[in-house]
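We name chains A, B, ... by the order of the sequence lines, and we start the count at 1 in each one.
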Amino acid sequence: MLEKTYDAAAIEPRIAAEWERAGAFKAGAGAKPDAPSFSVVIPPPNVTGSLHMGHALNNTLQDILVRYHRMKGDAVLWQPGTDHAGIATQMVVERQLMERQQPGRRAMGREKFLETVWKWRDESGGTIIRQLKRLGASCDWSRERFTLGRTESDQMSRAVIKAFVDLHRDGLIYRDKRLVNWDPKLQTAISDLEVQQVEVKGSLWHFRYPIEGEEGRFIVVATTRPETMLGDTAVAVNPEDERYADFVAAHRAGKPVMVRLPLVGRLIPIVADEYPDPEAGSGAVKITPAHDFNDFEVGRRHNLPKINLYDAESNLVLRANPDFLAGLAPTPELEATIAALDGMDRFNARKRVVAMLEERGLIEKIEPYTHTVPHGDRSAVPIEPFLTDQWYVDAKKMAVPALAAVRDGTTQFVPRNWEKTYFDWMENIQPWCISRQLWWGHQIPAWYGPDGKAFVATEAAEAERAAAQHYGKPTALKRDEDVLDTWFSSGLWPFSTLGWPDETPELARYYPTATLVTGFDIIFFWVARMMMMGLHFMGEAPFSEVYIHGIVRDERGAKMSKTKGNVVDPLDLIDEYGADALRFTMASLATPGRDVKPARARIEGYRNFATKLWQASRFCELNECPVGVPFEPETAKETVNRWILTEANRAVAAVEAAIGAFRFDEAAGTAYRFVWNTYCDWYLELIKPTLGGPEGEAKTETRRTAGWVLGEILRLLHPFMPFITEEIWAKLPPASARPLPLLAISPWPDSGFEDRAAAAEINWLIRLVEEVRSVRAETNIPAGAQIPVVVSDASAETRERLARHQAAIARLARVNEVQLAKSAPSGSAQIVIGEAIVSIPLAGLIDLGAERARLAKETDRLTKEIGKLDAKLGNPEFVAKAPEEVVEEQRERREDAALRIDRMQAALARLPSS
RNA sequence: GCGGGCUUAGCUCAGUGGUAGAGCGUUCCCUUGACAUGGGAGAGGUCAGAGGUUCGACCCCUCUAGCCCGCACCA
């Protein structure tokens, strides 16, 4: 016997354990022979992470798809795992070391540090996996993968090494000295995508740079980063800029005008270049090629020296910096500058440089200035463009097939608009910097000879062989210390998790995957890279569909963030309302192209829905309705039963269509309405008289129908609410007699049953009951009072229906007597149902004033409608141009309205005047 | 600056070239044997504004206003 109420907290863990014990989620579990495969790779959550609302949404949607396909009998694999998250993980462990006052990473050394990180991962890395299980995610947990292998011979590491080596061999990975986004706090390069533009209120400093040989003449340059002036190697002006025509001419003549760089004394040229915007500021720009991306390009065009001013922590290096000192006379000014600034960090250096220029009267003005400054997304400190050697992927080449696959529809974005975002990025893609100056990650498989030549190989021995050949003798090599960007390994996820580079049966069966479900925030980070890698290594795009869902926001629409303190923990919601309620909420809110704002009231509503389902199940149990046993809908004779069987089939078809179109909201809504508004509100109410009546064929059939439809409901809802449905399935008799013990691997409903006549009849009945109830309420008939009704003008069909459903009408409309009459009795409230009139005689029950008001209101509404319809039908163009059936429909509606008005008027006339 | 999205009931959101819908909230009634985490009945909307296309526009097009989100960016 089901408990009086559903206790999610007690039941969910038990159900989860049963799924696990039965291996219900193992790849291919429950699949029909020769079934098509349906595989999904989880967007691997960060090992350092814990479940947030975004994960709850993302994984709910995946689970709905996966459970649905599993029930359809497909060979399903939902591949789980986590991401080693290089920077984030290393930060977590370093912070922990600091808190415990243990030696830091560098003091500890690489090997020891990595041991510590692995230890941390083994202890804490499983958190999010456990949380996903609480959500009900039906991944094949036995296949859990991690983007980083414990040793380089582990398959996940072999995959990365092979990918690197192959791409290098194919010329798609190369080493280059370029400006990178340098994070001075984490002391590593990061990719463009890991840079966040932050609006900062700063200043714009205008400096006077003295023109050499023209005493008292200056050129004014403006900058937001004064400290970089130490590395200036030119001033640029636009060739079109009239103000600087003489400088431009000098430059063109090959004898550029020189500027004496203050504080440093370096002579630097004024060059003409398209880059400066004559409209902006003074039109002259100081050029620091080693510390600015635009200046780097200008420097390249004019062959300017690049003076790197910083060490890895962005402290100024002046005295021990040959590039800086090159060509400088050892003046007292230079010495003073070095003494004042050498070793200083960039922020203090800025203040000091400004002060020093101020003293010399070289500051024209300082304007308050708001601009965007790039920050590291992990460290939150300003990024410093920094000149270093790094490894790059030639993303532009790899993007070509990745673009084509989406263009030709091999891979489709849902909603389609996201294609544009994907195209825009892919078409303007920059070289992808993949080396990171970290320890936690895949160490780059490159070894350097004494002259710096790189040998890329899958292992040291191979590199050494290549080196021996190259140098003509065995040569000691040094391995690259850096590791690869985590996304490099994530890009291989759809096939590395299936065993690649080994040729496994899983790889053959489950690649390419079917659908990728993810948020738009990682289209670039992850989706694009998987497309590139998948096409390159597997020759096929990794998925046929990419379903992009929205971002979860708080109830007011703000993005959830720890700093705002508006983060809602999905685990709290699960504790409070149950995982099923949270999941159903997520599904209901997952409308395409829209962000998700889960309101507590909404979750509560779906918790109530779970309760409703539970109560309906108790009802079936109490009434001995068998669930999950074979039943042929065609054998049903009772109209209500044929009706609910029809409606159930329609609901299943609608849910199926919605899931197929990724309309999770519609799927959830359809299921919700069918269960609550059709099955509970009407079907169970309609069959109560039968179930409470004498034993017999009708009662037996009704029990079996009610139980069978409940079974269909459990299956229908299972992808959305797996726990409660599984629990009811397990508890309701005859549970032990079923061939398949678990709902999770039971077949998806598919009756195909349809009886339109039965549907029409019951819909008539429902309308009758609703109308009577409505009149009762509006004319203030006491809710408990039993009333008689008189039906006039009834057709034979209506009379039959009345007889067939007398018990239901009596119960649902509180009608104690149905009389048939030739005409409506006077002094009664009247309802028009089709051709018939249902009258509720006064008998002192009806509030006459209320009834008059009701009729007047209804008449008014109908009159307005007729007015509108007449205007339409009176328009000759409408009649001429609108489709036949539309015109016909309007005519019918007009006739119907006119008929109803007549009846209302007649009823009004029959009311006694007070 | 470029691109995308949004504006429909008090709130959160569906929606279709031809009667404007749901959930929550709200009002009234109901301790009826599955369920008060419930049942029944209501109220509530110039579909942001202005033009255009059309027989007909909430829907298609243009503009305007407001809000949101990406991407890029000026020293």
Inset, instruction - Test W418(A) against every option in F423(A), F520(A), W425(A), F413(A) by the ring pair (Phe, Tyr, Trp, His ring centres under 6.0 Å) rule and name the one that passes. - result: F520(A)
Inset, instruction - With RNA chain B as reference, determine whether V879(A) or E279(A) sits nearer its 5' end, using the nearest nucleotide of each. - result: V879(A)
Inset, instruction - For T5(A) and for H371(A), find the nucleotide of RNA chain B with the closest heavy atom, then tell me which residue's nucleotide is more 5'. - result: T5(A)
Assign [X] to base, sugar-phosphate, or nothing according to its heavy-atom contacts below 4.0 angstrom with the strands shown.
X: P883(A); answer: base
X: R773(A); answer: sugar-phosphate
X: D521(A); answer: nothing
X: E778(A); answer: sugar-phosphate
X: D277(A); answer: base
X: R854(A); answer: nothing

Inset, instruction - Taking the side chain as every heavy atom from C-beta outward, state whether I363(A) and F207(A) have any pair of such atoms under 4.5 Å apart. - result: yes
Legend entry - Minimum side-chain heavy-atom gap K612(A)-Y679(A) below 4.5 Å: no
Euclidean distance for [atom1], [N] against [M] (whole angstrom):
N: A9(B); M: A48(B); atom1: P; answer: 8 Å
N: U27(B); M: G33(B); atom1: P; answer: 26 Å
N: G49(B); M: G40(B); atom1: P; answer: 36 Å
N: C6(B); M: C58(B); atom1: C1'; answer: 15 Å
N: U8(B); M: C13(B); atom1: C1'; answer: 9 Å
N: C63(B); M: G5(B); atom1: P; answer: 14 Å
N: C69(B); M: A75(B); atom1: C1'; answer: 28 Å
N: C59(B); M: G51(B); atom1: P; answer: 13 Å

For atom [atom1] of [X] and atom [atom2] of [N], their distance in whole Å:
X: I831(A); N: A41(B); atom1: CD1; atom2: P; answer: 13 Å
X: N181(A); N: A72(B); atom1: CG; atom2: P; answer: 10 Å
X: E274(A); N: A75(B); atom1: CD; atom2: P; answer: 19 Å
X: K881(A); N: G56(B); atom1: NZ; atom2: C1'; answer: 11 Å
X: D595(A); N: G70(B); atom1: CG; atom2: C1'; answer: 12 Å
X: L812(A); N: G40(B); atom1: CG; atom2: C1'; answer: 11 Å

Legend entry - Aromatic ring pairing F247(A)/Y244(A), orientation class (parallel under 30°, perpendicular over 60°, tilted between): parallel
Legend entry - Parallel, tilted or perpendicular: rings of Y672(A) and F584(A) (30°, 60°): tilted
Flag if over 12 foreign heavy atoms under 6.0 Å of [atom1], [X]:
X: R301(A); atom1: CZ; value: yes
X: E884(A); atom1: CD; value: no
X: E367(A); atom1: CD; value: yes

Give every donor-acceptor pair under 3.5 Å between a side-chain atom in residues 861-870 of chain A and any protein atom, sequence neighbours left out.
unit_1: R861(A); atom_1: NH2; unit_2: E858(A); atom_2: OE2; d: 3.0
unit_1: T863(A); atom_1: OG1; unit_2: T859(A); atom_2: O; d: 2.6
unit_1: E865(A); atom_1: OE2; unit_2: R893(A); atom_2: NH2; d: 3.4
unit_1: D870(A); atom_1: OD1; unit_2: R894(A); atom_2: NE; d: 2.4
unit_1: D870(A); atom_1: OD2; unit_2: R894(A); atom_2: NH2; d: 3.3

Inset, instruction - Measure from the side-chain heavy atoms of V886(A) and tell me the nearest of G18(B), G15(B), A75(B). - result: G18(B)
One thing to verify: whether [Y] and [X] come together as a salt bridge, which I'm taking to mean a side-chain N less than 4.0 angstrom from a carboxylate O.
X: E770(A); Y: R767(A); result: no
X: E604(A); Y: R600(A); result: no
X: E384(A); Y: R225(A); result: yes

Can you check whether [X] has a side-chain N or O nearer than 4.0 Å to OP1 or OP2 of [N]?
X: T224(A); N: C74(B); answer: no
X: T591(A); N: A14(B); answer: yes
X: N294(A); N: C74(B); answer: yes
X: Y369(A); N: C74(B); answer: no

Table of protein N/O atoms under 3.5 Å from nucleotides 43-45 of chain B N/O atoms:
unit_1: A43(B); atom_1: OP1; unit_2: K857(A); atom_2: NZ; d: 2.6

Legend entry - Heavy-atom protein contacts under 4.0 Å, nucleotides 19-24 of chain B, coded B base, S sugar-phosphate only, - none: B----S
Inset, instruction - Taking N875(A) for its side chain and E877(A) for its backbone only, find out whether a donor-acceptor pair lies under 3.5 Å. - result: yes
Legend entry - With T288(A), the side chain to side chain donor-acceptor pair (under 3.5 Å) member among N294(A), T233(A), D232(A), T223(A): D232(A)
Legend entry - Range-with-range stems for RNA chain B, at least three Watson-Crick or G-U pairs under 3.5 Å: B:1-7 with B:65-71, B:10-13 with B:21-24, B:26-30 with B:38-42, B:48-52 with B:60-64
Inset, instruction - Indicate, with yes or no, if the rings of W614(A) and Y6(A) have centres closer together than 6.0 Å. - result: yes
Legend entry - Within the 6.0 Å centroid threshold, strictly below: Y577(A) and Y606(A): no
Inset, instruction - Using the side chain to side chain donor-acceptor pair (under 3.5 Å) rule, take E194(A) and S191(A) through it: C-alpha gap first, then chi angles, then the decisive distance, then the call. - result: CA-CA 5 Å; E194(A) 292 160 290; S191(A) 78; 3.0 Å; yes
Legend entry - Derivation of the side-chain contact (heavy atoms from CB on, under 4.5 Å) call for F878(A) and L873(A): CA-CA 7 Å; F878(A) 170 71; L873(A) 290 163; 4.2 Å; yes
Protein-nucleic acid N or O pairs under 3.5 Å, nucleotides 4-10 of chain B:
unit_1: G5(B); atom_1: OP1; unit_2: N417(A); atom_2: ND2; d: 3.2

Which protein N or O atoms sit under 3.5 Å from an N or O of nucleotides 29-36 of chain B?
unit_1: A34(B); atom_1: O2'; unit_2: Q615(A); atom_2: OE1; d: 2.3
unit_1: A34(B); atom_1: O2'; unit_2: R618(A); atom_2: NH1; d: 3.1
unit_1: A34(B); atom_1: N7; unit_2: K688(A); atom_2: NZ; d: 3.2
unit_1: A34(B); atom_1: N6; unit_2: C680(A); atom_2: O; d: 3.4
unit_1: A34(B); atom_1: N6; unit_2: E685(A); atom_2: OE2; d: 3.0
unit_1: A34(B); atom_1: N3; unit_2: Q615(A); atom_2: O; d: 3.1
unit_1: A34(B); atom_1: N3; unit_2: A616(A); atom_2: N; d: 3.3
unit_1: C35(B); atom_1: OP1; unit_2: K4(A); atom_2: NZ; d: 3.2
unit_1: C35(B); atom_1: O4'; unit_2: Q615(A); atom_2: OE1; d: 3.1
unit_1: C35(B); atom_1: O2; unit_2: K612(A); atom_2: NZ; d: 2.8
unit_1: C35(B); atom_1: N3; unit_2: K612(A); atom_2: NZ; d: 3.0

